[in-house]
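Both backbone and side-chain heavy atoms feed into the values below; hydrogens, waters and symmetry mates do not. The structure displayed is predicted, hence computed values, not measured ones. Each chain gets a letter, A, B and so on, in the order the sequences are listed, and its residues count up from 1.
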Amino acid sequence: MRVRYAPSPTGLPHVGNVRTALFNWLFARRTNGAFIVRVEDTDQNRLVREAVAGILEGLRWLDLDWDEGPEVGGPYGPYMQSERLDIYHEAAADLIRRGHAYYCICSPERLKELRKQQSREKKNPGYDGKCQTLSERELQEYRDGGNTPVVRFKMVRDETISVDDIVRGRVDWNSNLTDDFVIIKSDGFPTYHLANVLDDHLMEITHVLRAEEWLSSTPRHIALYGALGLKPPQFGHLPMILGPDRSKLSKRHGSTALLEYRDMGYLPESMVNFMALLGWSLDDRTEILDRSALVESFSLERVVKSGAIFNIDKLEWMNGIYIRSLSPEALAGRIRDYWQLSPPTGIPQPVDMAYLCRIAPLIQPRLKTLVDAAERTEFFFKVGLDHVPKDLIQKGMDAESTRAALEESLALMGISDELGADRLEEAFEDLRLKLELSRRQFFSLLRVAITASRVSPPLFETMEVLGRDRCVDRITGAIGALRG
RNA sequence: GCCCCCAUCGUCUAGUCUGGCCCAGGACGCCAGCCUUUCAAGCUGGAAAUCAAGGGUUCGAAUCCCUUUGGGGGCACCA
C-alpha cells in the first residue's frame, strides 16, 4: 500500500488537514505500506515560502515519519510539484494531441461575464466550450500578442462516472454536469486536478485518502485517469473536521493550526490520540490509544461518514491523562522543553532539572496543559514571596494569633534538620494540637506562608521539596508581612 | 440555482451491512457524593438522545424500504 499526504504550502496546516495526514500515516503503518509527502505548490500566488518547513515541523512534532518526500527523497521524486512541470506539460501535450484537451484563449473577463449570465439564467455555471473550435490562426495570433493560452480538459459527455469510495460506498455523477476545466494555467503551472492525478499515478499511490471536500471533484479525476489511459487508485473520502458552528474549520474558529496546540501546551501524543478519534473509533469504550495501539488497530472500515466538531474540552482531558502517564523525569523534560519554546516570565531559565524533577510529581495531577506548569511551580523558584496578610489570617483568627503560630512554626523549622514530608507532618500536627487550632486553620495559614497562595500542591511534600532554608525564609517573610 | 455527501445524548462516538441481547452503551463536559489541610487527581452515582420527521415492511426496526426536513461540501487560470 502506498498513500500520500499532499499539502499545499499556503500556510500552516490546520488540524483537519493534519487529521487527514494522520489517517494516511496510520493506514500506511498498519499495512506496512509507504507514507509519502508530496508538496502541491502549483499556486504561485498563494505560495508561502516558510510553509513547507511549518508543515514538516508539524509532522515531526507528532512523530509522523514519512518514507518518501522532502528532505528524505525517494525513488519517485522530486516530491515538489513545482519541480515536475515537464511531466505535466508532456501529459497535457499528449492529451491535446489525442483530442482530450485543447487550448483556450478566453479572457478572465469573458469567463466572468459567462458565469454572471449563467447565474442570471439559473443555469449551471461552467465553461461553454467556446475554444474547442479555436483555429490555428486565432491561437497563433493570441500567442503573437505575447499571451499564453491555458489548456482545458475536454470532459467526457453523456456518461455516468462512478467511484466505489472506501468510506462512502458507490457514488455516481452525470458527466455532463462537469465542465471543461483548466489543467494548465497561463503561468505554465498545472492545476491541482492534473498534477494530483498524474503524480498519484507516477508515485504509484494505491489509496487516495483525502477530505470529503474533494469528493465532488472526483469525477474530474476519474475522467482524467480515463483519458490518460490510467487506472485510478482507490478513493476514500474522510469526514471533515468542523468548527463549533458545523461549518468547515477555518481561522475564524480560533485556534486551528496544529502548531498552535503545541504552543498551548498540548502533548503530541494527546493530539494524535484525540485526532484519531475524530472520525474513527476502535469500539464502544476505548478512548485512550497510544500511537502503537492506533497503528495496531486502525482500519478504514471503522471510519465514520459524518463530520466531527473539534471538541477542545475532551482534548484537554486527554492531555491530562497523558501528562499523568509520564514519569516525573519525562514530565520535567517536557516542561523544560516547553519553557525553552516559550519562556515563562516568573521563572529564570535555564531551570535546575534535579529540582524540577522533584517538583514534577507534585504538580502532575494538577496540569491540564504544559502552560499551567509555570503558574503552578512559580513559587518554588521565586526568592521573595509577596504575602497577602488577609490570605494569611484564617477564619476565627487574628493577626496576633496568626503571627504566634508562625513564630512557633519558625522555631520548629529552626531546630529540625531537613525532614521528609511524613516527619514534617507529624511535627506540625503536634504543634497544631499545642496551638489548639483546627487543621484547616493551621495548615491553611502555613500553606499561605510557604507558597503565598491559598492553593498549592500538598503542603508537607511541598515543604520537603523546598527544603528547610526556603521554608524558613518564607515563614520569616510571612511574619514580616503581618507586621507591615 | 445545480450536483454530491451526511443525520444516535450539548460534543466525540458504539450499535445500522448480518432486524430481536438497545424503552439505546461508552467518553468529554455538567451536577451530586466520597476522599481531603487547599486545589487537583481518583472513586461512586446522576441528569442528558420520542435513535431528524412522517409513512410503510415485519410478530418485532436505531437497524430494511419510501417521502420529507435539516446540516455540510462542491460548482475558479485555489488547493
Given the C1' atoms of B:G33 and B:G73, what is the spacing between them in whole Å?
47 Å
Please confirm whether the ring centroid of A:H221 lies under 6.0 Å from the ring centroid of A:Y192.
yes
Strand partner of B:G42, provided both Watson-Crick or wobble distances fall under 3.5 Å
B:C34
Sugar-phosphate only, base, or nothing, as touched by A:P457 at under 4.0 Å among non-hydrogen atoms:
base
If we count only N and O atoms by modelled type, under 3.5 Å, do the side chains of A:S401 and A:D398 hold a donor and an acceptor together?
yes
A:Y5: what forms a ring-ring contact (aromatic ring centres under 6.0 Å, His included) with it, not counting sequence neighbours?
none
Which pairs of donor and acceptor atoms, one on a side chain in residues 108-116 of chain A, lie under 3.5 Å apart (sequence neighbours left out)?
from, atom 1, to, atom 2, distance (Å)
A:E109, OE1, A:S107, OG, 3.4
A:R110, NH1, A:D128, OD2, 3.4
A:R110, NH2, A:D128, OD1, 2.6
A:R110, NH2, A:D128, OD2, 2.8

Just checking, is any N or O donor in the side chain of A:Q132 or A:D180 under 3.5 Å from an acceptor N or O on the other one?
yes
Whole-Å distance between B:U13 P and A:L282 CG?
14 Å
P gap between B:G42 and B:C17, integer Å:
37 Å
Could you tell me how far B:A49 sits from B:C3 if I compare only their C1' atoms? Round to whole Å.
32 Å
Considering residues at least two apart in sequence or located in another chain, which fulfil the side chain to side chain contact (heavy atoms under 4.5 Å, CB included) criterion with A:S216?
none
Please tabulate, one pair per line, each protein N/O and nucleotide N/O from nucleotides 44-49 of chain B that are separated by under 3.5 Å, including the distance.
none

Between B:A41 atom C1' and A:L331 atom CG, what is the distance in whole Å?
14 Å
Sugar-phosphate, base or nothing in reach of A:R432, heavy atoms under 4.0 Å
nothing
Give the B/S/- string for nucleotides 70-79 of chain B, one per nucleotide from 5' to 3', where a protein heavy atom under 4.0 Å of the base yields B, of only the sugar-phosphate yields S, and otherwise -.
--BSSBSBBB
Residues two or more places apart in sequence or in another chain: which of them pass side chain to side chain contact (heavy atoms under 4.5 Å, CB included) with A:A405?
A:L435, A:L437, A:F442, A:L445
For atom C1', what is the distance between B:A52 and B:A62, given to the nearest Å?
12 Å
A:R439 side-chain N/O to B:U37 phosphate OP1/OP2 under 4.0 Å
yes
Please determine, for B:U11, whether a Watson-Crick or G-U wobble partner exists with both distances under 3.5 Å, and give it or none.
B:A27
Polar side chain donor-acceptor pair, A:D187 to A:Q44, under 3.5 angstrom:
no
Listed in order of residue number, which residues of residues 153-173 of chain A have a non-hydrogen atom at under 4.0 Å from RNA chain B?
A:R168, A:V171, A:D172, A:W173
Does the side chain of A:R447 come under 3.5 Å of the side chain of A:S456 through a donor N or O and an acceptor N or O?
yes
Quick one: are the ring centres of A:F310 and A:Y261 less than 6.0 Å apart?
yes
With nearest nucleotide decided by heavy atoms, which residue, A:I309 or A:I321, maps closer to the 5′ end of RNA chain B?
A:I309
State whether a side-chain donor-acceptor pair under 3.5 Å links A:H253 with A:D245.
yes
Mind listing the N/O atom pairs, protein and nucleotides 61-69 of chain B, below 3.5 Å?
none

With both distances under 3.5 Å as the test, what is the Watson-Crick or G-U wobble partner of B:U63?
none
A:F460 or A:G307, whichever maps to the more 5' nucleotide of RNA chain B
A:G307
Can a donor-acceptor pair be found between the side chains of A:S250 and A:H14 at a distance below 3.5 Å?
no
Send over the distance from A:N174 CG to B:C3 P, rounded to a whole Å.
10 Å
Does B:U68 have a Watson-Crick or wobble partner in any strand here, with both distances under 3.5 angstrom, and which is it?
B:A52
In 5'-to-3' order, the base (B), backbone-only (S) or no-contact (-) status of each nucleotide in nucleotides 19-34 of chain B, using a 4.0 angstrom heavy-atom cut-off, is ------BBBBS-----
Among B:A14, B:A41, B:U38, the nucleotide that comes nearest once only the side chain of A:R302 is considered:
B:A14
In a table with atom names and distances, give each donor-acceptor pair under 3.5 Å that connects a side chain of residues 356-368 of chain A to protein atoms at least two apart or in another chain.
from, atom 1, to, atom 2, distance (Å)
A:Q364, NE2, A:I323, O, 2.8
A:Q364, NE2, A:L326, O, 2.7
A:R366, NH1, A:L362, O, 2.8

Testing the basics here: between A:Y88 and A:I184, what is the closest heavy-atom pair and its distance to 0.1 Å?
O-CD1, 4.1 Å
Between A:N319 and A:T369, does the side-chain hydrogen bond (donor to acceptor under 3.5 Å, both in side chains) criterion hold? Intermediate values first, please.
CA-CA 7 Å; A:N319 204 50; A:T369 68; 5.5 Å; no
Residues at least two apart in sequence or cross-chain that pass side chain to side chain contact (heavy atoms under 4.5 Å, CB included) with A:Y322, listed by chain then number, are A:L267, A:E269, A:S270, A:N273, A:I288, A:D290, A:M318, A:S325
Give A:G279 one of three labels, base, sugar-phosphate or nothing, depending on what nucleic acid heavy atoms sit under 4.0 Å from its own.
sugar-phosphate
Between B:C77 and B:U68, how far is it from one C1' atom to the other, in whole Å?
41 Å
Check whether A:R291 reaches the backbone of A:L62 with its side chain - one donor and one acceptor, N or O, closer than 3.5 Å.
yes
Remember a base hit wins even if backbone is also touched, and classify A:V448 as base, sugar-phosphate or nothing at under 4.0 Å, heavy atoms.
nothing
Between P on B:C5 and CD1 on A:I241, what's the gap in Å once rounded to a whole number?
22 Å
Find the distance A:I450:CD1 to B:U37:C1' and express it as a whole number of Å.
13 Å
Considering only atom P, compute the distance from B:G71 to B:A32 and round it to an integer number of Å.
36 Å
Charged tip of A:R143 within 45° of A:Y103 ring normal and under 6.0 Å:
yes
With rounding to whole Å, what would you report as the distance between B:G54 and B:G46 at their P atoms?
30 Å
Whole-Å C1' distance, B:G20 and B:C43
36 Å
Would you please name every residue forming a side chain to side chain contact (heavy atoms under 4.5 Å, CB included) with A:A227, sequence neighbours left out?
A:L95, A:H100, A:F153
When rounded to whole Å, the CD to C1' distance for the pair A:E461 and B:U37 reads 12 Å
Taking any heavy-atom pair under 4.0 Å as a contact, classify A:S281: base, sugar-phosphate, or nothing.
sugar-phosphate
Take the protein atom CG of A:D391 and the nucleotide atom P of B:C39, then report the distance between them rounded to whole Å.
14 Å
Distance check needed: B:C12 P versus A:L278 CG, whole Å only.
8 Å
NA contact type, A:P458, heavy-atom cut-off 4.0 Å: base, sugar-phosphate, or nothing?
base
